[in-house]
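In what follows, a single structure is set out as structure tokens and then discussed.
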Protein chains: 2
Amino acid sequence: MSVRSRQPSGPEIPASEEEVLPARGQRKQRTRDALIDAALQLMNEGRSFNSLGLREITRVAGVVPTSFYRHFRDTHELGLVLVEESALTLRRMLREARRAGAPVKDMIRRSVQVYSAFVLANRLHFLFIAGERTGGSPVIRGAIRNEVDQFTAELTQDLRHLAIFPQLTPDSLQMICGLVVSTMLNGATDILDLPPDDSAQPLEDNLVHQLRVIFLGAQLWRDEIS
Amino acid sequence: MSVRSRQPSGPEIPASEEEVLPARGQRKQRTRDALIDAALQLMNEGRSFNSLGLREITRVAGVVPTSFYRHFRDTHELGLVLVEESALTLRRMLREARRAGAPVKDMIRRSVQVYSAFVLANRLHFLFIAGERTGGSPVIRGAIRNEVDQFTAELTQDLRHLAIFPQLTPDSLQMICGLVVSTMLNGATDILDLPPDDSAQPLEDNLVHQLRVIFLGAQLWRDEIS
DNA sequence: TCGATGTGTCAACAGTTGTTCACTAAAAAT
DNA sequence: ATTTTTAGTGAACAACTGTTGACACATCGA
């Protein structure tokens, strides 16, 4: 279904493609990708990761069930790989946002637009994160929580360097970023649930307003005794 | 496991117990409750609703698999009943909050304390709502979204009558209540994930701070042209 | 060129799944 | 008192599940 350019786990990072891998490594990587894609695709059809079966995944991947074990110990391990990979997408988003710089004017609206587009462009990963962040297997949920927390910390650092809220202590800024992140992930769920030919505009507007409220409050925030 | 006082679906509401039901109706209600409890209990052990099997549920309920069909067409229908029942818990919470009145002094902190206690006291229902609100079956997710939206609307009405934010239009108030509700449901996930003998205090503090930020922002909010 | 490595295949296993049908026995209706 | 209704049982079904072991055969290092 989707042609994916996956970064190799090996030490040498190829410039553009994975051609540097030995022929057998390519083949292995390819079916490994097929398995991962199959899981994501099944989730895209409304299933939760927990309910996916090993055979089901291999069937969609076009591989025999036993092949699965050449790549993962069990579906659980696949899930953790999926967490890792989705986390990379999150970081990629942050990196691109950083590169785009911070237009203070109408910054929230622009960010939400970029975010919305990014969510739709990386539908499967956000579907996985937003869907398995609550419910599902506790250990996968925990892994996602770790990644999201790390993402929040990075976002906090960025905002800190931008010095938008100079009066906030690091802890307060982190707490506010946590609120921002959870609000945006919530928004992702809504965006992904939209019927395919619906406009995301109303949801974006709502998200913009909510973030504006948060940022308004952040500007007024003073750390109190309790 | 848990003795549940379920409200009968019949027209005549008994004062205290369900003794008014015919003997057979009582028995039926009892195993129906056992099935519902079994599903909740399984979820309490870290499973997502989607992954529960019919036989699994009946096994925990102590009933033969075929008995399931006397009460629900399939597990899906059980899920919808679970949504309904959990929604009742949400409304019950709102009702009790209304009854307690609104102490403007330290109102947020008190509300969060009551909320946290309520979440822990109704663990299974909140586990279901917070867990299946994202991911899982689309139709169940949709049903939950409806109930949460309705809950948000009721909360909006309450805040409106309290006139805490007199300058806000109904739409803006609703949008802010949506932010509040999603933040609190997020908090529920965190609280429910706590190891059983951990204090919820840090999470409560964080939730209090986040809500304070939101309310600070809400006080400053002015509806703009765009 | 030859042996080693390892990805993918095939066949088979024991166990579980959802669903059906006919049946029992107790409560309700007559 | 007799008939009807019905919640729960038990056996059986085809289909599916995760996992195993042995095998084919392309790629690799020598």
Side-chain angles (χ1 to χ4, degrees), chain A residues 6 8-12 18-39 42-43 45-81 137 139-140, chain B residues 4 6 8-12 18-39 42-43 45 47-81 137 139-140:
Chain A
R6 209 174 290 283
S9 52
E12 35 196 355
E18 62 215 12
E19 317 283 338
V20 301
L21 282 180
R24 205 154 56 186
Q26 275 189 45
R27 189 172 187 77
K28 175 161 188 176
Q29 188 90 263
R30 204 129 32 88
T31 84
R32 191 185 132 107
D33 288 0
L35 289 171
I36 297 181
D37 280 341
L42 282 168
M43 286 196 248
E45 289 163 11
R47 312 275 312 276
S48 74
F49 177 78
N50 252 26
S51 69
L52 300 185
L54 182 150
R55 291 182 104 106
E56 199 176 3
I57 295 174
T58 58
R59 198 179 309 131
V60 172
V63 190
V64 97
T66 38
S67 237
F68 187 93
Y69 297 102
R70 304 287 186 197
H71 304 274
F72 311 100
R73 200 193 312 279
D74 47 25
T75 52
H76 196 92
E77 188 173 299
L78 209 201
L80 292 179
V81 170
S137 145
V139 26
I140 288 189
Chain B
R4 327 163 92 259
R6 210 174 290 282
S9 52
E12 36 195 354
E18 63 216 10
E19 315 284 337
V20 300
L21 282 179
R24 205 153 56 185
Q26 276 188 44
R27 189 174 190 74
K28 176 161 188 175
Q29 188 90 265
R30 202 127 36 86
T31 84
R32 191 184 132 107
D33 289 0
L35 289 170
I36 297 181
D37 281 340
L42 282 168
M43 285 195 249
E45 289 163 11
R47 312 276 312 275
S48 75
F49 178 78
N50 252 26
S51 69
L52 300 185
L54 182 151
R55 292 183 103 107
E56 200 176 3
I57 296 174
T58 58
R59 197 179 309 130
V60 173
V63 191
V64 97
T66 38
S67 237
F68 187 93
Y69 297 101
R70 303 287 185 199
H71 303 274
F72 310 101
R73 198 192 315 276
D74 47 25
T75 52
H76 196 93
E77 188 173 300
L78 208 201
L80 293 179
V81 169
S137 148
V139 27
I140 288 189

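A note on names: the letters A, B, ... follow the listed sequences, proteins ahead of strands, and every chain is numbered from 1. Everything numeric in this text was worked out from a predicted model, so none of it was measured.
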Length of the line joining A:Phe68:CZ and D:dT17:P, which is rounded to integer Å
13 Å
Looking at every heavy atom in both B:Leu35 and B:Ala61, which two are closest together, and how far apart are they?
CD2-CB, 3.8 Å
Can you list the residues that meet the side-chain contact (heavy atoms from CB on, under 4.5 Å) rule with A:Thr31, with sequence neighbours excluded?
A:His71
Hey, which of A:Ile57, A:Leu80, A:Ile36 is the one that makes side chain to side chain contact (heavy atoms under 4.5 Å, CB included) with A:Phe72?
A:Ile36
Going from CG on A:Leu78 to CG on A:Leu54, what distance comes out if it is rounded to the nearest 0.5 angstrom?
8.5 Å
Indicate, with a heavy-atom threshold strictly under 4.0 Å, whether A:Tyr69 touches base, sugar-phosphate, or nothing.
base
Find the distance A:Phe72:CZ to D:dG18:P and express it as a whole number of Å.
15 Å
Identify all pairs in which a protein N or O lies below 3.5 Å from an N or O of nucleotides 8-10 of chain D, and state each distance.
{"from": "D:dG8", "atom 1": "OP1", "to": "B:Thr31", "atom 2": "OG1", "distance (Å)": "3.0"}
{"from": "D:dG8", "atom 1": "OP2", "to": "B:Thr31", "atom 2": "OG1", "distance (Å)": "3.1"}
{"from": "D:dG8", "atom 1": "OP2", "to": "B:His71", "atom 2": "NE2", "distance (Å)": "2.7"}
{"from": "D:dG8", "atom 1": "N7", "to": "B:Arg70", "atom 2": "NE", "distance (Å)": "2.8"}
{"from": "D:dG8", "atom 1": "N7", "to": "B:Arg70", "atom 2": "NH2", "distance (Å)": "3.2"}
{"from": "D:dG8", "atom 1": "O6", "to": "B:Arg70", "atom 2": "NH2", "distance (Å)": "2.1"}
{"from": "D:dT9", "atom 1": "OP2", "to": "B:Val64", "atom 2": "N", "distance (Å)": "3.1"}
{"from": "D:dG10", "atom 1": "O6", "to": "B:Thr66", "atom 2": "OG1", "distance (Å)": "3.3"}

Note: A:Ser137 and A:His76 closest approach over all heavy atoms is OG-CE1, 3.5 Å
The correct set of residues in residues 51-60 of chain A placing a heavy atom under 4.0 Å from DNA chain C is A:Arg55
Taking every heavy atom of B:Leu42 against every heavy atom of B:Arg47, the minimum-distance pair comes out as O-CG, 3.3 Å
Is A:Asp74 reaching over with its side chain to a backbone N or O of A:Glu77, donor-acceptor style, under 3.5 angstrom?
yes
Spacing of B:Thr75 atom OG1 and B:Glu56 atom CD [to the nearest 0.5 Å]
10.5 Å
